[in-house]
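First the proteins, then the strands, lettered A, B, ... as listed; each starts at 1.
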Number of protein chains: 4
Amino acid sequence: MGTKPYKRWQGRLHEIIYEADTPAGKLFDVVLLIVIIASILLVMLESVKSIDAQYHMFLNISEWIITILFTIEYILRIVTVKKPLKYITSFYGIIDLLSTLPKYLSLIFAGTHALVALRALRLLRVFRILKLARFMGASNHLAAAIKSSRAKISVFLFAVVIVATIFGTIMYLVEGEASGFNNIPRSIYWSIVTLTTVGYGDIAPVTPLGQFIASFIMVLGYGIIAVPTGIVSAEYTRKMNKDDAKSATVPNALPPHPSEVDLNSLSCSNCLAQDHKDNAKFCHKCGHSLELQPTK
Amino acid sequence: MGTKPYKRWQGRLHEIIYEADTPAGKLFDVVLLIVIIASILLVMLESVKSIDAQYHMFLNISEWIITILFTIEYILRIVTVKKPLKYITSFYGIIDLLSTLPKYLSLIFAGTHALVALRALRLLRVFRILKLARFMGASNHLAAAIKSSRAKISVFLFAVVIVATIFGTIMYLVEGEASGFNNIPRSIYWSIVTLTTVGYGDIAPVTPLGQFIASFIMVLGYGIIAVPTGIVSAEYTRKMNKDDAKSATVPNALPPHPSEVDLNSLSCSNCLAQDHKDNAKFCHKCGHSLELQPTK
Amino acid sequence: MGTKPYKRWQGRLHEIIYEADTPAGKLFDVVLLIVIIASILLVMLESVKSIDAQYHMFLNISEWIITILFTIEYILRIVTVKKPLKYITSFYGIIDLLSTLPKYLSLIFAGTHALVALRALRLLRVFRILKLARFMGASNHLAAAIKSSRAKISVFLFAVVIVATIFGTIMYLVEGEASGFNNIPRSIYWSIVTLTTVGYGDIAPVTPLGQFIASFIMVLGYGIIAVPTGIVSAEYTRKMNKDDAKSATVPNALPPHPSEVDLNSLSCSNCLAQDHKDNAKFCHKCGHSLELQPTK
Amino acid sequence: MGTKPYKRWQGRLHEIIYEADTPAGKLFDVVLLIVIIASILLVMLESVKSIDAQYHMFLNISEWIITILFTIEYILRIVTVKKPLKYITSFYGIIDLLSTLPKYLSLIFAGTHALVALRALRLLRVFRILKLARFMGASNHLAAAIKSSRAKISVFLFAVVIVATIFGTIMYLVEGEASGFNNIPRSIYWSIVTLTTVGYGDIAPVTPLGQFIASFIMVLGYGIIAVPTGIVSAEYTRKMNKDDAKSATVPNALPPHPSEVDLNSLSCSNCLAQDHKDNAKFCHKCGHSLELQPTK
């Protein structure tokens, strides 16, 4: 009975912090996004020597304000979730902690201050806040195409790494230290720089044989860059074709394919699971109610 | 009654300057294009020290001639349009002003002369003059494909910027100033140089850990370069398939799809709106007559 | 009557030199290809200082032998064609002349010797000799796809050049000479190096604003690299789909589409026109007989 | 009769070493993969001067252990195969020999030690062990697409090499030695670096004409990079479309297409042929039984 009123504001806060579909939740997300961007700009400016020298005090105070805001947000996120440990050990939970800790640690240990820059990782939250997938078209064809090509592209990139290892080793034997191919890891790094057509030029072959093998690697890289691109465009074309075919041949409207159902931005207050359907009333994972806790 | 004869030459000039389908309009556009290219070549040559030293007088006089020509054109564009303010504040209006102003300002302030180079922006007018889209095939499939992929590619590029920010920050922490990663903005610049596979090599990681993370970024960039390409080719394939299907299944000729209707190069003398259908008689936006003002 | 026996060997030689479908013609082409590659290897080796110093005599004599062989071939090509002027002024005619002339000129003028390297242009003949298109699959889908995308890609590349000009000019104003952006042509060169993701790093922005604009150009280049790729793959997919559809729906074998008819390697002895159908008896352009001149 | 029991353990070992579908065979493959990766890490670490200086003894002993393990594996592979010469002269046989020999040779000749790095080639065995193709999706569309585009892409890359040769030669004439274009092979190397958009910047044009030609090469390379990508994505789209069409139009399940039949990882103990169907009892190449040798 004593926990009821406590749960009430908890549920209300959970809605504001974790959801994005209510006006209050939307406002919270927009404010959070602005504070994150401001904090990153601060860290950026501070890393520039000439600016830091002039505005050190202002930057330092601003950073403390933002750190305290982030700390409050972090604590609120913990108290409004039913299973705080799950949040704390989640991907975003760790990032949120990493965003605040270094500033406090800098009071005790000098040098840890630079780690404040890890705050940039909070930008990843943008993907969730903006629900970027929605911007990409009414249906999630692209997301589906990327998802179904992910496995193939991963295997492909794995193959690229193996090829880079073999060519890196060969180039280490051929070029040797004089050309900057000091050791095998460095040669593999060069191989990857070349295969991906980045080509810094910090290390480059100088012997005729090395340049010949390098040319071969480049032409090879030119040929295989075609593969991941081919995969994505083929998968994407297929998803769209299927959709076009469906809407063309079926006269009466069918229920949308699951992958195209609009998902809401809710996360379960019990298990933090996401991707609930827009009209879902219970968590699809743990069965906990997704509704605002009714207050008796 | 006193404005009628005035409007007559105004309408005639409007036709010459703003349209490209009449012989006079075509001639005007071709001459304008040649003068623009000549003016850019002049600016280019002037920027080369050795050439400027030798032909300074010739280049300066030629530039004054072109500046005066552009000024006349600018004034004529204002007087022949019904709503001059709309033209002056339009994209091309500002560019046209920027093309002439710096030369005059150079009489008063030294140093502003270099801004004459902004004249290169006038090249953008080429797209309108040549109606380049027409060259790209009878139908505007490609333009339609680019238009419908634009949103997706923008979101994608936005994601690339976020990824670049995060990796830039991490590399700043890992590499530090010794390797040229002086501050976070510079590290982000390096990240973008790497992710886009440009790879200048002006900044490059030197520590083993930095090179390892850089390799990871490169392989990642290699994988994600596939996405925008996949989007464009899939969208373009789809547009063409639809067209092929239509012409294959429908026995009698249908009226062409709006996106494929040949648009003329007219712009309304009242509101400057463009993209009128070839046989349009009235502006689709403000309803003003597109015909040459009849004179009674 | 006196010209008949003359024409006979002329016709025979024309068959050997210009055709590739008879055993003698094939042999001639293979020998020619080997001699061309040998001549290019010689020029390459000669350009390497250390090798030239040691084997100068051998390289020089070999080059004279090849030059004389090429000269004989050039003369034979002239005498066996009915309209020698047409051959001499044709693309391959000029290349064939450029392959022999510099060596003779080197007897008179010192320094022209290096121009022997122009012989590399003869490699282009490989495309005709090997009829490379044939290797690319039974049907000429790829060639057709490239042909139908050529116009679009050209316009696209033209747009890239305009964008490069504008950004090059802006970067010239922003960066100035200190960073290597000496003049506008050089800045445009840098723009193209960046937009095409080549990224030498010989010129690179150093000011924060310049790096910011450069980042923008890179991300833009990353986005627009998708367009030509999309065009080719869409066109190619379409050509193949059409073919698949045709073979799938039509039960009895249809005569092949003109673009897929096997063309022979003959060129008309009268007007040098090529791309005759395999069983063609008369030139499709001038109506001259393609058969070996009958001897009465 | 005396060879029967000998053959029995031979057959058993063959199963363990050459197959991957039995528990023992799987275990052997996983252990082998771990040892290969460990051996490559050792070689890598040894190539880093600072690490080698500190842990030389440990690295050397570990390498000897792995070399002996590889030697035992190599001998076992020979004795369990019916035609040892076929294995020894096979691609993997040569790589397996190259993985062990240099270490032994280093006892006799100093300097051959570095060749131990050739062991990296053993990574290629990963493709066979992991049967990577399986990861790439239930059906082998991608593999089929790569296979059917291979010929086209090879011809395309061959064309790139010819274009690189021609432009390399031209740039040698235009730029000369001052800019690093010392000789033609080096200029061709630069051409390939540029055409493939790698762009090291170790050699870069400095004359205005050279930069102009380089710009042209870059824009060209930008345009032609589209071709191999287009080929792969078109072929892949087509394979998937065919499959979709088949499953869509045919009501009752058809026997799977041969290219999609699950192949097992067996290799014939007689002729080493691979790619047997999963339920195959006899080698499809030599007719030898694939079953474990029955013992009477």
In the structure I gave you, are the side-chain heavy atoms of Val193(D) and Ser191(D) within less than 4.5 Å of one another anywhere? no
List in chain and number order the residues that pass side chain to side chain contact (heavy atoms under 4.5 Å, CB included) with Asp202(D), two or more places apart in sequence or in another chain; answer none if no residue qualifies. Ala204(A), Tyr189(D), Tyr200(D)
Honestly, the part of Val219(D) sitting under 4.5 Å from a heavy atom of chain C is both
Non-hydrogen atoms of chain C under 4.5 Å away: do they reach the side chain of Pro208(D), the backbone, both or neither? neither
Report the relative orientation of the aromatic rings in Phe181(C) and Trp190(C); use parallel for angles under 30°, tilted for 30 to 60°, perpendicular for over 60°. perpendicular
When only pairs under 4.5 Å are counted, which of Thr169(D), Thr197(D), Ile170(D) shares the most heavy-atom pairs with chain C? Thr197(D)
Rounded to the nearest 0.5 Å, how far apart are CD1 of Ile192(C) and OG of Ser187(C)? 11.5 Å
Side chain / backbone / both / neither for Ile188(C) at chain D, heavy atoms under 4.5 Å: neither
Look at Gly168(D), Ala214(D), Pro205(D), Gly221(D) and state which one has the largest set of heavy-atom pairs under 4.5 Å with chain C. Pro205(D)
Can you tell which part of Val160(C) gets under 4.5 Å to a heavy atom of chain D, answering side chain, backbone, both or neither? side chain
Any chance OH of Tyr104(C) has more than 12 other-residue heavy atoms, nucleotides or ligands included, within less than 6.0 Å? yes
